[in-house]
Amino acid sequence: MTDFIPLFPLKLVVYPGEHLNLHIFEPRYKQLVRECEQNSTTFGIPSFIENRVTDFGTEIKLLSIEKRYENGEIDIKTQGVGIFKINEYYSQAPNKLYAGADIKRVEHNVEGDFLSYDKILQSVSELFKVLDIKKELPANSKSFKTYDIAHHVGFSLEQEYQLLCIPSEIERQQFMLSHLDRMIPVVKEMERLRKKASMNGHFKNIIPPKV
């Protein structure tokens, strides 16, 4: 069974549970938001990657209208509520300004392995330390899911979308760990080279080998 949903394609990935603030200024999306507000309906954000709308996206609910401007623009707060797959895409929905699609909602499991969460947390902590990133991390392995930190582990847009398409939390954990295992040595080497380059021109106190 499919349902019709208005679409708001963006060059980003939104995950279930994620809060997203948007400034709405295009007439088509002002119409979309107005209808969602009036009818208490949801809309969809599929990612726009490589000049096309992707097959999977995130269903979004409107939480609040934060500000209305005199020119009709609006600021809104939203939250991701689920994942969908597009069955039929319409570049312009019937009698509407915005795009739409017939979609099928996709089940996404959120039960992960706590040992894997521990490994992820350790790896992200190590990554942040190498890059000198001052960002608060989850308190422990029981306080987060992969979706919660997916924007903070150095994924490309394409990788963030790949994660969205994985239905199992355990598989998402492994995807994230594989990425971190590849990335951290590269980042460490880049940081080593950066520090080495910054020393050029300085007097070096080098102890010669005994030969």
Side-chain angles (χ1 to χ4, degrees), residues 8-22 44-60 78-86 104-200 202 204:
F8 192 157
L10 289 171
K11 292 182 179 180
L12 53 79
V13 174
V14 185
Y15 294 109
E18 180 180 351
H19 288 82
L20 180 68
N21 299 332
L22 294 169
I45 295 183
S47 300
F48 190 77
I49 301 175
E50 296 183 350
N51 295 314
R52 75 173 190 91
V53 175
T54 55
D55 294 332
F56 288 83
T58 302
E59 188 172 2
I60 304 291
T78 72
Q79 184 178 18
V81 294
I83 299 171
F84 63 83
K85 185 177 188 301
I86 293 176
K104 183 175 182 180
R105 290 175 176 84
V106 177
E107 292 292 328
H108 57 282
N109 177 277
V110 293
E111 297 302 320
D113 172 65
F114 286 120
L115 182 59
S116 294
Y117 285 130
D118 279 333
K119 291 178 181 177
I120 289 171
L121 197 53
Q122 291 169 11
S123 295
V124 177
S125 297
E126 183 178 6
L127 178 65
F128 282 14
K129 183 177 181 180
V130 173
L131 294 175
D132 194 27
I133 295 174
K134 309 297 187 203
K135 187 184 291 290
E136 189 173 343
L137 290 170
N140 53 62
S141 61
K142 297 180 180 180
S143 62
F144 74 101
K145 301 295 182 184
T146 53
Y147 290 147
D148 299 328
I149 63 170
H151 294 309
H152 308 296
V153 298
F155 280 146
S156 66
L157 178 60
E158 290 78 7
Q159 288 172 315
E160 288 191 351
Y161 176 69
Q162 283 181 270
L163 189 81
L164 183 75
C165 297
I166 299 173
S168 162
E169 177 71 350
I170 288 178
E171 291 178 29
R172 288 192 294 271
Q173 288 177 313
Q174 294 308 311
F175 181 81
M176 186 171 285
L177 281 169
S178 295
H179 162 75
L180 289 165
D181 287 345
R182 293 191 304 270
M183 185 179 184
I184 289 174
V186 174
V187 171
K188 284 183 174 180
E189 177 63 12
M190 289 176 64
E191 185 63 12
R192 185 189 70 81
L193 292 174
R194 185 193 68 78
K195 289 180 178 178
K196 183 177 180 181
S198 69
M199 289 296 294
N200 287 347
H202 292 266
K204 300 177 178 65

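Note: hydrogens, waters and symmetry copies are ignored here, and every other heavy atom, side chains too, is used.
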Looking at every non-hydrogen atom in both residues, tell me the closest pair between [X] and [Y] and how far apart they are.
{"X": "A150", "Y": "M176", "value": "CA-CE, 4.0 Å"}
{"X": "I170", "Y": "D113", "value": "CG1-N, 4.2 Å"}
{"X": "T58", "Y": "G80", "value": "CG2-CA, 3.9 Å"}
{"X": "L180", "Y": "P185", "value": "O-CD, 4.3 Å"}
{"X": "E160", "Y": "Y15", "value": "O-OH, 2.7 Å"}
{"X": "V13", "Y": "H151", "value": "O-CE1, 3.1 Å"}

Heavy-atom donor-acceptor pair, [X] side chain to [Y] backbone, under 3.5 Å:
{"X": "K145", "Y": "V110", "answer": "yes"}
{"X": "S143", "Y": "N140", "answer": "yes"}
{"X": "Y161", "Y": "F56", "answer": "yes"}
{"X": "R172", "Y": "C165", "answer": "no"}
{"X": "Q79", "Y": "G17", "answer": "yes"}

In Å, rounded to the nearest 0.5 Å, how long is the span from [atom1] of [X] to [atom2] of [Y]?
{"X": "L164", "Y": "H108", "atom1": "CG", "atom2": "NE2", "result": "9.0 Å"}
{"X": "S168", "Y": "Q174", "atom1": "OG", "atom2": "CD", "result": "9.5 Å"}
{"X": "D181", "Y": "K119", "atom1": "CG", "atom2": "NZ", "result": "9.0 Å"}
{"X": "T146", "Y": "I166", "atom1": "OG1", "atom2": "CD1", "result": "8.5 Å"}
{"X": "I60", "Y": "H19", "atom1": "CD1", "atom2": "NE2", "result": "10.5 Å"}
{"X": "H179", "Y": "L163", "atom1": "NE2", "atom2": "CG", "result": "10.0 Å"}

### Query
More than 12 heavy atoms of other residues, nucleotides or ligands under 6.0 Å from CD of E189: is that the case?
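More than 12 heavy atoms, drawn from other residues, nucleotides or ligands, come within 6.0 Å of this atom.
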### Message
For a quick check under 3.5 Å, do D118 and S141 share a side-chain donor-acceptor pair by atom type?
### Response
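Note: D118 and S141 side chains meet the donor-acceptor criterion.
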### Query
Side chains of Y117 and E169: donor-acceptor distance under 3.5 Å anywhere?
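Per modelled atom types, Y117 and E169 side chains form a pair under 3.5 Å.
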### Message
Working note: F175 + L177, criterion side-chain contact (heavy atoms from CB on, under 4.5 Å); need CA distance, chi angles, decisive distance, verdict.
### Response
CA-CA 6 Å; F175 181 81; L177 281 169; over 6 Å; no
Sub-4.5 Å side-chain heavy-atom contact between [X] and [Y]:
{"X": "S47", "Y": "K11", "result": "no"}
{"X": "I83", "Y": "E59", "result": "no"}
{"X": "Q162", "Y": "F155", "result": "no"}
{"X": "E18", "Y": "Y147", "result": "no"}
{"X": "F48", "Y": "T54", "result": "no"}
{"X": "E191", "Y": "D132", "result": "no"}
{"X": "D148", "Y": "P138", "result": "no"}
{"X": "P9", "Y": "I45", "result": "no"}

### Steps toward side-chain contact (heavy atoms from CB on, under 4.5 Å) verdict (E126, K188)
CA-CA 10 Å; E126 183 178 6; K188 284 183 174 180; 2.5 Å; yes
### Message
Quick one, K134 with F128, criterion side-chain contact (heavy atoms from CB on, under 4.5 Å). Give me CA distance, side-chain angles, the key distance, then yes/no.
### Response
CA-CA 7 Å; K134 309 297 187 203; F128 282 14; over 6 Å; no
### Message
If you apply the rule side-chain contact (heavy atoms from CB on, under 4.5 Å), what do you find for I120 with Q173, and how did you get there?
### Response
CA-CA 8 Å; I120 289 171; Q173 288 177 313; 4.1 Å; yes
